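Quantities reported herein were computed from a predicted structural model and do not represent experimental measurements. Letters go in sequence order (proteins before strands), and every chain restarts at 1.
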Amino acid sequence: MPELPEVEVTRLSFADHIAGARILAVEVGKPLRWPLGCEPKSLVGRTVLTVTRRGKYLLLNLDRGLLLLHLGMSGSLQFSDRLPPRGVHDHFELETSCGRLRLRDPRRFGAVVHAETLEAPVARKLLGGLGVEPLEARFEPLRFHQALRGRRASIKQVLLAGDAVVGVGNIYASEALFMAGIRPTQRADRLSKPRVARLHGAIVTVLRRAVALGGSTLRDFSSAEGQSGYFQLDAMVYGREGLPCRVCATPIKSIRQGQRSTFYCPQCQKA
DNA sequence: AGATGTCCCTGGAAGC
DNA sequence: TGCTTCCAGGGACATC
């Protein structure tokens, strides 16, 4: 279940290696979430210039057009010049002059989508509504507070919606709210500026820490099945229902918000 | 326009 | 042991 840190670490694991590579062949397995949007063969001969990221999307910027990759919740990428034969869960593969890029995604929530430019309708549809990048300078407490104005939904759900800030998934949302001492059910527009500032700091800290952890295990990461979990993230609340809070020992609570599980400490996150 | 619910998919865990 | 059921998740889409 890759969130922003996992996607970023994935990007770092192969971006430099694939830059400048020529696409020699394209292989597709079962359909993913959305159609590729072009004839696979039409990608042959193009060159991968750079790999960038927007939210949880990876962008393979080609000399003509681009590929938008999303890992869904069970997707992982491998890039190597020697990969074993494709398995049943390997649904997209680029053979390039520098190695093979393979997307494995058992649950097929992921996607590979071709767009001619960032302004193409399909790219605008997927990327257009995304909020600010949390690890860039434009993510800033006051602006974050403004983005929450008029949002009557719970802060947890607004975080997940991805239009105020991108990349915070279900796990890191719970973790960041715990770090900020904010109850996940609190209405987003009821949070004071200082509390939004705390949340802002918590989001940045949680995501940066996860990227650093992932970066430190990069060697394992690129060769593994991608199932190494959240970089052995030491969760403070996520998945710890009933277990004692690591700060105050109060049992962690689990609730559901918008069909998603949320974890929090009723003592450390009072409002 | 914002909020909420539904759906896609399948491996693994839990229940019988 | 072998079946069925439930759950996890991101995000587009439909509906209110």
Are [X] and [N] close enough that a side-chain N or O sits under 4.0 Å from OP1 or OP2?
{"X": "A:Arg108", "N": "B:dC8", "result": "no"}
{"X": "A:His70", "N": "C:dG10", "result": "no"}
{"X": "A:Lys125", "N": "C:dC13", "result": "yes"}
{"X": "A:Arg256", "N": "C:dA8", "result": "yes"}
{"X": "A:Tyr57", "N": "C:dA12", "result": "yes"}

Could you state the [atom1]-[atom2] distance from [X] to [N], rounded to the nearest angstrom?
{"X": "A:Leu4", "N": "C:dG11", "atom1": "CG", "atom2": "C1'", "result": "15 Å"}
{"X": "A:Leu160", "N": "C:dG11", "atom1": "CG", "atom2": "P", "result": "9 Å"}
{"X": "A:Arg152", "N": "B:dA1", "atom1": "CZ", "atom2": "C1'", "result": "13 Å"}
{"X": "A:Phe109", "N": "C:dC7", "atom1": "CZ", "atom2": "P", "result": "15 Å"}
{"X": "A:Arg104", "N": "B:dG11", "atom1": "CZ", "atom2": "C1'", "result": "14 Å"}
{"X": "A:Gln157", "N": "C:dG10", "atom1": "CD", "atom2": "C1'", "result": "14 Å"}
{"X": "A:Glu241", "N": "C:dA8", "atom1": "CD", "atom2": "C1'", "result": "14 Å"}
{"X": "A:Gln257", "N": "C:dG10", "atom1": "CD", "atom2": "C1'", "result": "16 Å"}

Looking only at N and O atoms, is any donor in the side chain of [X] or the base of [N] less than 3.5 Å from an acceptor on the other one?
{"X": "A:Arg260", "N": "C:dG11", "value": "yes"}
{"X": "A:Arg33", "N": "C:dG11", "value": "yes"}
{"X": "A:Arg107", "N": "C:dA8", "value": "yes"}

Original post:
Hey, does A:Gly169 reach any base, or is it just sugar-phosphate, or nothing, if we go heavy atoms under 4.0 Å?
Top reply: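 Sugar-phosphate only.
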**OP:** Evaluate whether atom CG of A:Asp16 has more than 12 neighbouring non-hydrogen atoms of other residues, nucleotides or ligands under 6.0 angstrom away.
**Re:** no
Subject >> Atom CZ of A:Arg124: over 12 foreign heavy atoms under 6.0 Å >> reply: no
Subject >> Residues A:Arg86 and A:Glu27 bridged, charged N to O under 4.0 Å >> reply: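 Salt bridge flag = yes for A:Glu27 with A:Arg86.
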**OP:** Evaluate the criterion salt bridge (Lys or Arg N to Asp or Glu O under 4.0 Å) for residue pair A:Arg46 and A:Asp63; output intermediate values, then yes/no.
**Re:** CA-CA 6 Å; A:Arg46 301 197 199 186; A:Asp63 56 344; 5.7 Å; no
**OP:** Compute whether any side-chain donor of one residue and acceptor of the other, for A:Asp105 and A:Ser76, lie under 3.5 angstrom apart.
**Re:** no
Look at the side chain of [X] and decide which nucleotide, out of [options], has an atom nearest to it.
{"X": "A:Trp34", "options": "B:dA3, B:dC8, C:dA12", "answer": "C:dA12"}
{"X": "A:Lys56", "options": "B:dT10, B:dA3, C:dG10", "answer": "C:dG10"}
{"X": "A:Gln259", "options": "B:dA3, C:dA12, B:dG5", "answer": "B:dG5"}

